[in-house]
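What follows is a single structure, written as C-alpha cells, with notes after it.
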Amino acid sequence: MSFISVFDVMGPNMIGPSSSHTAGAARISYLAQKMIEGPLKRADFILYGSFAKTYHGHGTDRALLGGIMGFSTDDMRIRNSFDIAHEKGLKFSFTPNEQETDIHPNTVDICMENEKGQKMTVRGESLGGGKVRIVDINHVQVDFTGEYSAVIVIHQDTPGVVAYITKCLSDRNINIAFMRLFRESKGEIAYTIVESDGKLPENIVPAIRENPNIHEVMIVQM
Amino acid sequence: MDFKNANELLALCEEKNLPISEIMRIREIELGETASEIVNKKMTRVLGIMKDAAFSPIRQPVKSMGGLIGGEARKLSLHAQEKKGLCGNLLQKAITYAMATLETNASMGLIVASPTAGSAGIVPGLMLAMQEHYQFSDEEIIRALFNASAIGYLAMRNATVAGAVGGCQAEVGVASAMAASAAVELMGGSPKECTFAASTVLMNMLGLVCDPVGGLVEYPCQNRNAAGVANAIIAAEMALAGIPQLIPLDEMIQTMFTVGKKLPAELRETAMGGCATTPSACEACHICS
C-alpha cells in the first residue's frame, strides 16, 4: 500500500467544487501537457460518462483548460481559464460523448497540437479524491499516475533500447521505483515509462535521446 | 512510527505519552520523509485556506456554479447578529462556517478537501468556531488538524472516504468523526476519548446516502455539512463527559464500510436516487433534459 500522507487527508488544496470532477480533471490535463513540447496551439477535449453529463456545473471544462496551461489544482486562475486561453491564443473545444458507456465514468480524451504541428492524444481517468491515471497515449494503452517522477520514452520496439534507457538512468544514480513497457505490436512504436522516487534531472533527456531508436523523451514530474 | 488502526494508534499514544496529533505529525515527518518545518508550514497554509473559504461568503455571498446554493452563510450570520439564534454561539458559528465553506467550494473557490470537497466544511467549521469561542491560538488549531487527519487516515486506509463507494456517511460521516476527535483533544480529552467521539459520529451517521441534486456538490451537501458539525459537537460533548462507547472506532470504521458497500448504486453519488430524484429536485435541475 502506498503511503497516505496527512495532506492526502487534509487535502488536496483545490479549486472546488469536486475533487474528482474539478481537481482530478485539472491534474489529468496538467500531466498531459507535460508529455508534449509546448507551447500548445490547440487542445480538444472529449468527455465521457459523468464528465460528459455534469462537466459544466463542476467546472470540469475550466479545470481541464487550466491544467493544459500548466495550472495546478489550487491555482485561482482555473476560474478564468477560458479568458486566459483566449488571451494566449490557445484554441480549444469540449465535446461530450454520451454514446460510449463502456468506459470509466470520469474519462477524458485530450488531443493536443503544439506550435510545431506535433500532435498527441492522451486519455485520463479521474479516480476520486483528486487521484488520476493516464491510461492511453496516442492510442497505446499505458498506466501511470503522475504520483512519482516519471520519464516517458517513445521508441522503436527493438532489442537493446530498454537496456540503453536503464543505463542512462543508472549512470546518473537514479533509482527506479517502477518500470513498464507498452506497445501496440511487435517491432512498432513502444512506450517505456520509468517512475523514480526522487526528482529527475532534466539532463537525462538529451542523453536518452542520443539513441537513434528513440523518438521522444519526456519528463513528467510535479 | 506508523499505525494501521485506532488500536495501534492508542497504544502508541500510551507508549510515547503523546496526543494523537503529535503521533500523526511525527508519522508524517518520518514516513513522508519531510522536515518538521515543512510539514508545519504546509498545515499552516491549510488553515489559511480554511479561514478564507469560511469567512469570505459571509462578507460576500456567491452563487454556486449549478445555481442551487449561495447566500446561506450570510443569512445565518445576520440571523445571529439579530440575536435570534436558537443554537448558542459555538454551534451557530460552526454551521455558518461549514455552510460558507461549501458555498466557496460550489462557486469554484479555493478550499481544502478535508477529507473530500463535498465534506470540506465540517472540520474547518468546528475548528474555526472553537477558535473564536475559546480563543485558541493558530498553533493549537493546527495541532488539532493533525488529530483530525489521523482519524481521516484510518478511514481512508481501512474503509473509504468516497461517496461513490460508501455514500455520504463516508464523506460527511468521516469528516464529522475527524472534527469530533480534534475537538476532544482541543478541550483536553484523552486519545481514547477522541476515538470514542469519532466512533459515536460514525454510529450516528451510519447509512447516510449520497444523493446530490443534478450530480453537483451543492444540495443537499451543504445542509449535510451543517448537520455534520452538529453531530461532531454532540459526540465530543459525550466523550468529554466521560461516556464510554461500547463499539470502538476500528469496528465502527469497518461497519461503515460494510454498510456503504451494501448501499444500492442509486444512492452512491450517481444522482439516481434519494433527494436527487424528488420531483422538486428534478424540476430545479436541467441536467437530464
Side-chain angles (χ1 to χ4, degrees), chain A residues 1-27 49-63 65-66 71-82 96 98 104-106 126-131 197-199, chain B residues 2 24-25 27-28 31-32 34 39 42-43 45-46 49-50 53 64-68 101-102 104-118 120 123 145-146 148-153 155-157 160-165 178 214-218 221 269-271 285 287-288:
Chain A
M1 174 178 286
S2 68
F3 172 65
I4 300 173
S5 157
V6 150
F7 302 103
D8 291 328
V9 186
M10 214 54 88
N13 301 338
M14 55 167 277
I15 302 300
S18 163
S19 58
S20 53
H21 288 67
T22 322
R27 203 169 145 77
S50 176
F51 269 8
K53 261 190 154 47
T54 64
Y55 74 96
H56 185 69
H58 279 129
T60 308
D61 44 3
R62 302 193 208 195
L65 193 56
F71 302 169
S72 57
T73 57
D74 62 348
D75 194 322
M76 290 297 276
R77 290 178 295 175
I78 284 178
R79 295 161 76 151
N80 305 317
S81 57
F82 280 75
E98 296 194 52
H104 184 279
N106 294 326
S126 180
L127 307 175
K131 298 217 177 286
D197 296 307
K199 208 168 163 63
Chain B
D2 200 11
M24 191 63 180
R25 207 180 67 84
R27 174 185 177 274
E28 185 70 17
L31 300 187
T34 314
V39 172
K42 280 170 107 173
M43 198 59 100
R45 161 120 172 106
V46 162
I49 295 173
M50 284 177 165
S64 65
M65 294 288 292
L68 297 173
T101 303
L102 265 271
T104 298
N105 182 57
S107 58
M108 292 195 87
L110 180 60
I111 57 104
V112 180
S114 52
T116 63
V123 170
L145 291 176
F146 281 100
S149 305
I151 305 300
Y153 153 72
M156 266 174 145
R157 176 178 181 123
T160 180
V161 297
V165 180
M178 291 162 64
L216 303 175
V217 189
E218 299 191 6
C221 318
E269 214 180 325
T270 51
C285 97
I287 303 258
C288 314

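So that the names make sense, note that chain A is the first sequence line, chain B the second, and so on, each numbered from 1.
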Check your understanding: Roughly how far, to the nearest 0.5 Å, is CD1 of B:Ile111 from CG of A:Asp74?
Key -> 10.5 Å
Point to revise | Contact class of B:Ser107 relative to chain A, heavy atoms under 4.5 angstrom | key: backbone
Revision key, fill the gap. Looking only at B:Met24, B:Arg27, B:Met50, B:Glu218, most heavy-atom pairs under 4.5 Å shared with chain A are made by B:Arg27
Check your understanding: Any side-chain heavy-atom pair from A:Ser126 and A:Phe51 closer than 4.5 angstrom?
Key -> yes
Exercise for review: Tell me yes or no: between the side chains of A:Ser5 and B:Glu28, is some donor less than 3.5 Å from an acceptor?
Suggested key: yes
Practice item. Give, as side chain, backbone, both or neither, the part of B:Leu145 having an atom under 4.5 angstrom from any heavy atom of chain A. Key: both
Review point. Between A:Gly11, A:Gly59, A:Ser20, A:Pro105, which residue shows the highest count of heavy-atom pairs closer than 4.5 Å to chain B?
Key: A:Gly11
**Study point:** Lys/Arg-Asp/Glu bridge criterion (N-O < 4.0 Å) met for A:Asp8, B:Arg157
**Key:** no
Review point. For A:Thr22, is it the side chain, the backbone, both or neither that has a heavy atom under 4.5 Å from a heavy atom of chain B?
Key: side chain
Check your understanding: To the nearest 0.5 Å, what is the distance between OH (B:Tyr153) and CE (B:Met178)?
Key -> 13.5 Å
**Study point:** For A:Ser50, side-chain hydrogen bond (donor to acceptor under 3.5 Å, both in side chains) partners two or more places apart
**Key:** A:His21
Review point. Rounded to the nearest 0.5 Å, how far apart are OG1 of A:Thr54 and CG of A:Asn106?
Key: 7.5 Å
Study note, to complete from the structure: Assert top hit (heavy-atom pairs under 4.5 Å, partner chain A, pool B:Ala148, B:Ser149, B:Cys221) equals B:Ser149
Practice item. Give, as side chain, backbone, both or neither, the part of B:Val165 having an atom under 4.5 angstrom from any heavy atom of chain A. Key: neither
Check your understanding: At a heavy-atom separation under 4.5 Å, does B:Arg25 approach chain A through its side chain, its backbone, both, or neither?
Key -> neither
Check your understanding: Quick one: what part of A:Met14 sits under 4.5 Å from any heavy atom of chain B, side chain, backbone, both or neither?
Key -> both
